[in-house]
Amino acid sequence: MKVYRTRLHQVILPTLLFLFLISGIQAQTRSIDSIKQKLKGANDDTNKVNTLVSLDSILNLESRYSDALETGNEIMRLSKILSYQKGITEAYDLIGSTYYRRGDYEDALRNHFHALPLSRAIGDKRQEAFVLTNIGNVYSDQGNYAEALKYFEIALRLSTEIGFKLEIGNLYNNIGIVHLDLGNYPEALRNNLLALRMREEEGTNRRNIAGSYNNIGNIYYRQANYTEALKNHRKALKIREEIGDKFGIAMSFDNLANVYNNLGNFQEALKSHLSSLALHKEMGDKRNLASSYNNIGVTYQNMKNYPEAIRYFIYSKQIQHEIGDLDGLGRSFSNLGYAYVLVHKLQDAKSNLDSSESIFLKIHHPLGLEGLYYEYTLLDSAAGNFSQAYLHFKKYLVYHDSLFNEENSKKTVRAEMNFEFDKKQAIAQAEKARIAQVAAAESKRQRIVIFSVSGLLLLICAFAAFAYRSYRLKKRANFRLEIQKKNIDDSIRYAQRIQQAILPKALFLPGEVQEHFVLYLPKDIVSGDFYWRHQEGRELFFAAVDCTGHGVPGAMMSMLGYDLLEYAVKDKGLREPEEILHLLNRQIIEKLNGGNSDTSTDGMDLTLCRLNLDTLQLVYAGAKNDLFVISDNELQVLRVTKCAIGYSLQTVYTQATRSLKKNDEIFLLTDGYSDQKGGPQKKKFMLRKLKALLMELSSLPCQDQRQKLLAEFESWKGSAPQKDDILFVGFRI
């Protein structure tokens, strides 16, 4: 699912910098109408060009792209008549920025590359730095991170040379965003902290300081450190509210909503997104208004309210079509296609995904195509067209690999090396000039000394060259190791996204039970534990499962276990928990051990239930993992078969029935919690202690129980490593 990322894009030129970063569109004393009034009857001179530049900048920020392009072309026409080279440079850069905001990356780059040599020809280094940054932004949005880093580094070097602190902070910000997209979180954090330091030293622009807190919050969000993410986003929001930055406030609301979405607090996420929507409507910011509609659609989709999700995706699409935002339009078609897959309207899904593909191919957007082809795979699988699903998955892999291939890695290394080499070369040239001045001033008597010093200098240079070559080789080797590690981490992160995608968004829907909680703590990025649900009329099937191992092996087992549960209930039509377990046991042994249970080492422990939502009759069966019921302030253990799935074909799994009543609370769990070592003597937590804790928490609401269980676990674990995956489910009738 594509969600618009919150990003502080670099500003397109000095005029726009002040419009956006210092005062914002809403605070402009000169509205579009007043600027147009000023232009009436104005002489065709450079003052008129500069006024048109201001007008074009505001039109861009208000998403009036057709008007902005028309104004940009007028700036170009008038500047050429006047032979005003600065105006021509700004016209190319403004037109490029308009195309960029529309998502037309090819035309954006074409115009920015026209502006670059012109800015150098007129010697305007600030303008040159802005153009270089804009080129980097386009490459960054295209997913061409090596080229983005190269242009950001050149702009950073130029800004440092002229002492342009404000722009230096912005560039550290942008470089941090690229590393965030690459999943290189330490480097992303380092650059954003540098940006924050530069912005605090510069001190005149609190808007930028808030932007740094915003980006630091996004880094923690991507690392699933939601506590730190919320802390930094709230810092950003506080500053933005103090300075009246409506655009920034809306951005903070959206980012807070993203965190709430991942915490499963969808109501709070929806509330924050709606606050952002109201601000974008007030400001007339159509591009971000479309983004807000999209984000609200994603939240409704998380809540499984698919009609509302589709309605908001359509709102977003209509605005993007109106303003000509090709990138946004491609993403809206993609979001609609995925939503229609979820409601099984496969023809509508295909139509929208086809429209998205057409746009992304037109604007050469590999990042968009990567996600799109994965959504095609889901559509083909839902339609039973597995050969086409395979072909689309291959396309997904091609685009995924192209974003992180070896050539891009080499380009990144080359950009870093060139930057370091240029710095050393500048130092060497300065030293050479100093020696030449000394030599011209010295008499013949000192030439021997000069020759001696020169010889020594040559030796030092030779040694420095040797040391630098060794440094480059070592850095290249280290970088290759980092890339290999990153590729492995990316693969595991992708496996995590797949695993999270199959898990139910909620184990119980509103109205099925009073309340519930799920405590899900993978030991590694991916987990061998998973939970599952399926509903047939008023009968609800659900399970908590612990597969052999953890990490990637455990995750692969969990995918197999999930598919087998779906197969047993949906395809085979089994309704009795004991029959489902027998099928799982047989299938695991056949698929993993060729039907030979004597060699079986892989399997799963689980608890499987069928609950009648009308009669409150609970039918349960399990493999090793018992259930716990608290009824009338008494804890009871519902025993299950003490043999895991996948170890013996002779195992007989039996089910039992329990009649529940209102306010009964039931717990399903895997063994990770009770087996965790900790405390003063580094011993296991044990079931006896866990039962006492459950009784202690039984009077609390379910979400409070979850927080207390998590806090007790962290306190018991202390500095010890987590021993196993943890899954804990509780619900109250």
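Bear in mind the structure is a predicted one, so any value in this text is a computation, not a measurement.
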- prompt: Can you name the one residue among Ser332, Ser291, Ser292 that meets side chain to side chain donor-acceptor pair (under 3.5 Å) with Ser316?
  reply: Ser332
query: Do Asn232 and Asn214 have side-chain N/O donor and acceptor atoms under 3.5 Å apart?
result: no
- prompt: Just how far is it from atom CD of Glu536 to atom NZ of Lys570, taken to the nearest 0.5 Å?
  reply: 9.0 Å
Lys/Arg N to Asp/Glu carboxylate O, Arg575 vs Glu539, below 4.0 Å: no
Non-hydrogen atoms of Gly730 and Cys702 that approach each other most closely: O-SG, 4.3 Å
- request: Using only heavy-atom distances, determine whether the side chains of Asn335 and Asn294 contain a donor-acceptor pair under 3.5 Å.
  value: yes
- prompt: Hey, does the side chain of Tyr315 reach the backbone of Ala290 with a donor-acceptor pair shorter than 3.5 angstrom?
  reply: no
- prompt: Can we call the ring centroids of Phe685 and Tyr673 under 6.0 Å apart?
  reply: yes
query: Quick one: do the His280 and Glu282 side chains pair a donor with an acceptor below 3.5 Å?
result: no
message: Checking side-chain polar atoms at under 3.5 Å, does Gln617 have a donor or acceptor matched by the opposite partner on Arg658?
response: no
- prompt: Under 3.5 Å, is there a donor-acceptor pair between the side chain of Gln655 and the main chain of Ala621?
  reply: no
- request: Verify the distance criterion only: is there a donor paired with an acceptor across the side chains of Gln223 and Glu228 at less than 3.5 Å?
  value: no
message: Assess whether a salt bridge exists between Lys708 and Glu696, defined as any Lys/Arg side-chain N lying under 4.0 Å from an Asp/Glu carboxylate O.
response: no
- prompt: Taking the side chain from Asn385 and the backbone from Ser381, do they hold a donor-acceptor pair closer than 3.5 Å?
  reply: no
- request: Identify whether the distance between the nearest side-chain nitrogen and carboxylate oxygen of Lys661 and Asp632 falls below 4.0 Å.
  value: yes
- prompt: Quick one: do the Ser334 and Glu375 side chains pair a donor with an acceptor below 3.5 Å?
  reply: yes
message: For Lys572, is the NZ atom crowded, meaning more than 12 foreign heavy atoms sit under 6.0 Å from it?
response: no
query: If you count the non-hydrogen atoms of other residues, nucleotides and ligands that lie under 6.0 Å from NZ in Lys662, is the total more than 12?
result: no
field: Side chains of Asp254 and Ser276, donor plus acceptor under 3.5 Å
entry: yes
message: I want to know whether Phe508 and Phe542 have ring centres closer than 6.0 Å.
response: yes
- prompt: What about the rings of Tyr220 and Tyr226, do their centers lie closer together than 6.0 Å?
  reply: no
- prompt: Less than 4.5 Å apart, any side-chain heavy atom of Gln707 and any of Leu700?
  reply: no
Glu512 with Arg533: basic N within carboxylate O range, under 4.0 Å: yes
Ion pair Lys523/Asp724, N-O distance below 4.0 Å: no
query: Between Ser631 and Asp664, which heavy-atom pair has the shortest distance, and what is it?
result: OG-OD1, 2.8 Å
- line: When every non-hydrogen atom of Cys609 is compared with those of Leu668, the smallest separation belongs to SG-CD2, 4.2 Å
- prompt: In terms of side-chain heavy atoms, does His233 have a donor or acceptor partner in Asn258 at a distance below 3.5 Å?
  reply: no
- prompt: Would you say the side-chain atoms of Thr641 pair up with the backbone N or O of Cys643, donor to acceptor, closer than 3.5 Å?
  reply: no
message: For Tyr531, run the ring-ring contact (aromatic ring centres under 6.0 Å, His included) check against Phe728, Tyr562, Tyr520 and tell me which one passes.
response: Tyr520
field: Any side-chain heavy-atom pair of Leu230 and Leu256 under 4.5 Å
entry: yes
message: Working note: Gln301 + Glu308, criterion side-chain hydrogen bond (donor to acceptor under 3.5 Å, both in side chains); need CA distance, chi angles, decisive distance, verdict.
response: CA-CA 8 Å; Gln301 191 162 279; Glu308 281 298 287; over 6 Å; no
task: Start with the C-alpha gap between Asn295 and Phe253, add the side-chain angles, then the distance that decides, and say whether side chain to side chain contact (heavy atoms under 4.5 Å, CB included) holds.
output: CA-CA 11 Å; Asn295 288 336; Phe253 277 132; over 6 Å; no
task: Count the heavy atoms belonging to other residues, nucleotides or ligands that lie under 6.0 Å from NZ of Lys304, then report whether that count exceeds 12.
output: yes
message: I'd like to know if Asp626 and Arg639 make a salt bridge, using a cut-off of under 4.0 Å between side-chain N and carboxylate O.
response: yes
task: Could you pull out the closest heavy-atom pair between Val652 and His582, with the gap in Å?
output: CA-NE2, 3.6 Å
query: Tyr396 and Tyr373: aromatic ring centres closer than 6.0 Å?
result: no
field: Given Gln514, Glu515, His516, the one that forms side chain to side chain donor-acceptor pair (under 3.5 Å) with Arg732
entry: Glu515
- request: Indicate the ring-plane relationship of Tyr312 and Tyr293, choosing parallel, tilted or perpendicular according to the 30° and 60° boundaries.
  value: tilted
